[in-house]
Amino acid sequence: MEKKMQSKVKEGKDCIDYCCWLIGCVCTVWWLFSFLYQFLPATLIGFEVVESPGLRLDREGVKGLHPVVLVPGIVTAGLELWEGRPCADGLFRKPLWGATLPQILKRPLCWLEHLSLHNETGLDPPGIRVRAVPGLVAADDFASGYHVWAVLIENLARIGYEGKNLHMATYDWRLSFQNTEIRDQALSRLKSIIELMFVTNGYKKVVVVPQSMGAIYFLHFLKWVEAPPPMGGGGGPGWCEKHIKAIMNINPAFLGVPKAVSNIFSAEGSDAAFFRAVTSGILNFDYLGLQTVEHVLRACRTWDSIISLMPKGGETIWGDLDWCPKECNKSEKREHMKKHFVYNSTYKCGDMPKGLHVKEHMKYGGINSFGKAVSELLASLLTTLDSESEEISSEHSTFNLSCEDDRTECNEIHRESIPKVAKRKASKGRTDLDLYNFVAPKMMKRAEVHFSHGIAENLDDSEYTHYKYWSNPLETMLPDAPNMEIYCLYGVEIPTEKSHVHKPSPPDKYKHIPFPNNSSADEGNGSKLQNDVYLVGDDERVNILSSGFMCAKGWRRRTRFNPSGMATYIREYQLRQRSSVLEGRGLESRSRVNNIIGNTALIQDVLRVAAGAAGANIGGDRIFSDIMRISERINLRL
């Protein structure tokens, strides 16, 4: 017995040593690449450096005219600690998010505890205060060598921008949008900053540049600022027309992203899925008694911002199993014998069983499916949750929703209930919400208060004056500002996750992850399914339907969503994979280092508009994708 005990202790130490060794190797390689990136000349390996757009425009005599406000998206702005638990001693006003790798390694559970919000209120837990880092430094670099806004800020400085006419509107991206005002008065401060910059810069209108979730955050602001108090900011009609020249949305998530739903199920997007596939032994290791991804999921489910990114518009926008906005091309059609049945919040190429003859193109329809089976059956051949709703509802009432730690999603789903959800082959419409309520009831209860994801029937109805509708472009009207311009700027031709393969979790593990990603679902090199994630060629982070539809159709010219007929423009940018670790400094690369924000053509567009150009002056629409055809296939009443 003593030898067995010693053997077990030795195995445990070996596992810990292996983990520490691997982490050390990863960190060493990261810092080495960071050193090469920062200090070695890019021409050393023959890479041709692209001239900075700011330098080129400055040489042409272009100077900044309009003040600029940058609005970061989810997870791209820093958070710092103002009050914490004893485990966080020494971290006062130190970053908990952004350049936080040492803190994660030193005290991972303490770090997650302080990033979690109260699971009932969506605000601060008792004894913890984490706040957004103010200023440009909050979001210029996420970590060493991982630029976010730094490249754009540097180019703006080349044509004369500085602190008096350039501002970063940081906010706590974990909170619901209205809660950023309730707790931090973030919307009021943004209103004051825009008014101040307008006055101190010769009464020049402001150019606002939101990114990703920041686009729907600022959409919420547009309604809030003109709405009467106490719910709104009291600016009154005409405030936006007076103070804002243009809104240049960078890869905006107007209609949501599939990753948001994946976060509700398993907290695993494409990046996590990749690392889980190659280092499954580490990620599945029960560190301090808690499975790693499970603990991350519990923290993420306290962030209301994830709810704001859930897909909006349902079947009308995203399609179902019988149709979708985008038809398969010939190569996709040939992939109809796929083996995996997938969950999908956007659209995907369908798979049909042997012997079933289909005369029309396969569609990218279907939402939320599980298990290994034939993918994309016709809706008439599938069972939905409708017939089982009463059964699941009755079982749902028996879930254990009590927990000593009320900062996290604590319900433990009965194991026998999971197969009853996983066995159904698809869900659509309202049954999606049934499924989300089944998996994360507390999170969805908060969501009902702060967000809505439908399509408005009558925008003049007083119901839509409530703030829960303000961040959904399908349930709110743009302000009466006919001279204001809206741009949708996003990249194309970079793999973007659109769906995930899920499987029921083992009965004795992961009580809070009933449907983890199926890391064994991989169809090999060249397939759209890699490490349980289906990919399409969009903007890497946001699907083009979400980024481009409103500018292509929903707001194009005068519609019920854009009653004043303000001009909208689509500007797409062809991104490409980097061919070397140093190529990130060339401004045509994809998002890993410089992000779409670092793309040369995008930076040039932003600088020219900030210098006074209108959409027509920079060429109007610039489209490489089939976003216009996709938008026309969507039958939305305008």
Shortest non-hydrogen contact between Glu572 and Ser625, atoms and distance: OE2-OG, 2.6 Å
If I compare all heavy atoms of Val257 with all of Ala253, which pair ends up nearest, and what's the gap? CG1-CB, 4.2 Å
Identify the two heavy atoms, one from Tyr487 and one from Arg571, that lie closest to each other, and give their separation to 0.1 Å. CD2-CG, 4.5 Å
Leu607 side, atom CG; Ile159 side, atom CD1 - distance, nearest 0.5 Å: 3.5 Å
Can you tell me if Lys242 has over 12 outside heavy atoms packed within less than 6.0 Å of its NZ? no
Which residues satisfy the ring pair (Phe, Tyr, Trp, His ring centres under 6.0 Å) test with Trp555, sequence neighbours excluded? Phe254
Aromatic contact, Tyr203 with Phe198 (centres under 6.0 Å): yes
Tightest non-hydrogen contact, residues Ser308 and Ser305, listed as OG-O, 2.5 Å
Point-to-point distance, once rounded to the nearest 0.5 Å, from CZ of Arg622 to CD1 of Ile570: 13.0 Å
Is it the case that the side chain of Gln211 and the backbone of Ile597 share a donor-acceptor pair, with hydrogens and angles ignored and the cut-off at 3.5 Å? no
Would you give the length of the straight line joining atom CG of Asn155 to atom CG of Leu55, rounded to the nearest 0.5 angstrom? 7.5 Å
I'd like to check the disulfide bond (SG atoms under 2.5 Å apart) partners of Cys240; sequence neighbours left out, ordered by chain and number. none
Salt bridge present between Arg183 and Asp172 (N-O < 4.0 angstrom): yes
Considering all heavy atoms of both residues, which atom of Met477 and which atom of Pro563 are nearest to each other, and what is their separation? SD-CG, 4.0 Å
With sequence neighbours excluded, residues passing salt bridge (Lys or Arg N to Asp or Glu O under 4.0 Å) with Lys191: Glu195
Which residues pass the ring pair (Phe, Tyr, Trp, His ring centres under 6.0 Å) test with His167, not counting sequence neighbours? none
Would you indicate whether Arg560, at its atom CZ, is surrounded by more than 12 heavy atoms from other residues, nucleotides or ligands within a distance under 6.0 Å? yes
Restricting to side chain to side chain donor-acceptor pair (under 3.5 Å), what partner residues turn up for Glu457, sequence neighbours left out? none
Please name all residues satisfying ring pair (Phe, Tyr, Trp, His ring centres under 6.0 Å) with Tyr161, sequence neighbours left out, ordered by chain then number. none
Can the ring centres of Phe451 and Phe177 be said to be less than 6.0 Å apart? yes
If you measure from CE on Met566 to CG on Asp480, what distance do you get to the nearest 0.5 Å? 8.0 Å
Of Arg301, Lys445, Arg446, the one forming a side-chain hydrogen bond (donor to acceptor under 3.5 Å, both in side chains) with Asn119 is Arg446
